[in-house]
2 protein chains.
Amino acid sequence: MNHPDTSPQTGTDAGLAAVLRMAVGRLARRLRAQRPDSSLSLGQGSVLFTLARHGQPMTPGALADHEKVQPPSMTRIVAALEARGLVRRMRHPEDGRQQLVEITEEGTRLVNSDHQRREAWLTQRLTELSPEEKDVLRRAAEIMDRLSQS
Amino acid sequence: MNHPDTSPQTGTDAGLAAVLRMAVGRLARRLRAQRPDSSLSLGQGSVLFTLARHGQPMTPGALADHEKVQPPSMTRIVAALEARGLVRRMRHPEDGRQQLVEITEEGTRLVNSDHQRREAWLTQRLTELSPEEKDVLRRAAEIMDRLSQS
DNA sequence: TATTGTTATACTCTATAACTATA
DNA sequence: TATAGTTATAGAGTATAACAATA
């Protein structure tokens, strides 16, 4: 318990919204600050992970939609990943307007690298949580993703 | 279920860290995009809510620490809130170097305003979740705040 | 000297609008 | 014309470094 928890009622949907908004904002700031200089930005990491998970090349447009950014932002993210050799771009075989973004060997290695991930601040913090707490976070992450897409 | 969930193993701490990082990042972006122009920024809202919850004036330094931003950032946030009449600044009675930031009547009204909060995008989305899902989010918010502070 | 907060400045990430290429 | 992506530009939001005031 952090606070006397006085004024705003947190039992309502609006109260939960306020609390969740703050928690998400603060954790996002903390993650940004904690990220080592050498690592990817939040958006870059998310795109790389999505490509690895999806298992197939995706168009920049589909990535922008999935990550909840506008197309120009995805252009920059993909360009940054490409410059680091983590993804490659190919022409779409059927539609010349589109491109396909594919994760490279090196990108896959980075995503799967235990080293890269074990050294992350968040992973360390998670090891200190109970299995129940981790399960709550796992389920919450799934719900938050659904909220983001809706 | 969103994906075939292939490549990165999400059962490990590192896997959970990756999934949580993405979920937090995406929801933070979505919240930023969805926020109506008239409303406060994420940081401003969070500070105002914190002051209301705390129930007592806080120094800018304490707020910066709590919100996980650096002091200069808090200077800007407090200045913005003050310009809108939502907080006021007072000299610290004992230490002339410090200040005290206090929420105003109008600030309290804004935080507690059902109207302000019911019209928010996130609140609407939350009403569509089951009680169990909302409970997961409520508990996750508490855990995420603890992570942010650690 | 050490600490609190501010000012000056720059960087990162994002967005909107205008443009190019293809359908 | 409509669509996919890029370029140009601007606006948040944040940080570090240097400074002023007080302890």
Side-chain angles (χ1 to χ4, degrees), chain A residues 21-22 24-47 57-84 87-101 148, chain B residues 21-22 24-47 57-84 87-101 148:
Chain A
R21 191 196 315 275
M22 288 201 303
V24 165
R26 282 205 278 257
L27 188 51
R29 281 195 292 274
R30 186 66 142 100
L31 287 170
R32 211 184 355 240
Q34 207 64 35
R35 161 168 40 99
D37 278 355
S38 63
S39 105
L40 303 171
S41 78
L42 255 51
Q44 289 168 20
S46 194
V47 165
M58 294 174 70
T59 66
L63 284 169
D65 186 59
H66 188 263
E67 298 298 324
K68 296 301 159 199
V69 297
Q70 293 301 308
S73 303
M74 189 49 63
T75 294
R76 288 194 52 168
I77 292 175
V78 169
L81 291 173
E82 191 179 32
R84 292 183 56 167
V87 304
R88 81 175 64 86
R89 274 187 279 202
M90 310 173 303
R91 294 194 315 284
H92 191 109
E94 286 146 22
D95 188 335
R97 297 171 303 182
Q98 299 187 52
Q99 298 193 344
L100 286 174
V101 182
S148 300
Chain B
R21 190 196 315 274
M22 288 200 304
V24 165
R26 282 204 278 256
L27 188 51
R29 282 195 292 273
R30 186 69 142 99
L31 287 170
R32 213 184 354 239
Q34 206 65 34
R35 160 167 41 98
D37 279 354
S38 63
S39 105
L40 303 170
S41 79
L42 254 53
Q44 289 168 20
S46 193
V47 165
M58 294 172 71
T59 68
L63 285 169
D65 186 59
H66 188 263
E67 297 298 323
K68 296 302 159 197
V69 298
Q70 293 301 307
S73 303
M74 189 50 64
T75 294
R76 288 192 50 169
I77 292 175
V78 169
L81 290 173
E82 191 179 33
R84 292 182 57 166
V87 305
R88 81 174 63 86
R89 272 187 281 201
M90 310 173 304
R91 293 196 316 285
H92 190 109
E94 287 145 20
D95 187 334
R97 296 170 303 182
Q98 298 187 54
Q99 298 193 343
L100 286 174
V101 182
S148 299

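Hydrogens, waters and symmetry mates play no part in the numbers below; they use all other heavy atoms, side chains included. Throughout, protein chains are lettered first and strands after them, A, B, ... in sequence-line order, and every chain is numbered starting at 1.
Residues passing the side chain to side chain contact (heavy atoms under 4.5 Å, CB included) test with A/Gln44, sequence neighbours excluded: A/Leu40, A/Ser41, A/Ile77, A/Ala80, A/Leu81.
Under 3.5 Å, the side chain of A/Arg29 and the base of D/dT14 form no donor-acceptor pair of N or O atoms. Put simply, the side chain of A/Arg32 and the base of C/dT12 share no donor and acceptor less than 3.5 Å apart.
In terms of position on DNA chain D, the residue among A/Ala33 and A/Pro72 whose nearest nucleotide sits closer to the 5' end is A/Pro72.
Each of C/dG5, D/dG5, C/dC13 was ranked by its minimum atom distance to the side chain of B/Pro60; first place goes to C/dG5. For B/Arg76, whose side chain is taken as the heavy atoms from C-beta onward, the closest listed nucleotide among C/dT4, D/dT14, C/dA15 is D/dT14. When distances are taken from the side chain of A/Arg97 to each of C/dC13, D/dA15, C/dT22, the shortest belongs to C/dT22. With distances taken from any side-chain atom of B/Asp95 to the nucleotides C/dC13, D/dT14, D/dA23, the minimum falls on D/dA23. Closest contact between the side chain of B/Thr75 and the listed nucleotides C/dT14, C/dT6, D/dA15 involves C/dT6.
Taking atom CG of A/Leu42 as the reference point, atom P of D/dT14 lies 13 Å away to the nearest angstrom. Between A/Leu81 atom CG and C/dC13 atom P there is a gap of 11 Å when expressed in whole angstrom units.
Residue B/Gln99 has a polar side-chain atom (N or O) positioned under 4.0 Å from OP1 or OP2 of C/dT6. Taking 4.0 angstrom as the limit, B/Thr59 places none of its side-chain polar atoms (N or O) nearer than this to OP1 or OP2 of C/dT4. Listed pair A/Ser73 / C/dC13 fails the phosphate criterion, with no side-chain N or O lying under 4.0 Å from OP1 or OP2.
Under the 3.5 Å distance criterion, the side-chain polar atoms of A/Arg29 are left unmatched by any main-chain donor or acceptor of B/Val69.
Atom CG of B/Asp65 and atom CD of B/Gln70 lie 9.5 Å apart (nearest 0.5 Å). To the nearest 0.5 Å, atom CD of residue A/Gln34 and atom OG of residue B/Ser148 are 10.5 Å apart.
By the neighbour-count criterion of 12 heavy atoms within 6.0 Å, atom CZ of A/Arg76 is sparsely surrounded, having that number or fewer from other residues, nucleotides or ligands.
Contacts of B/Arg89 with the nucleic acid, taken as non-hydrogen atoms under 4.0 Å apart, involve only primed sugar atoms and P, OP1 or OP2.
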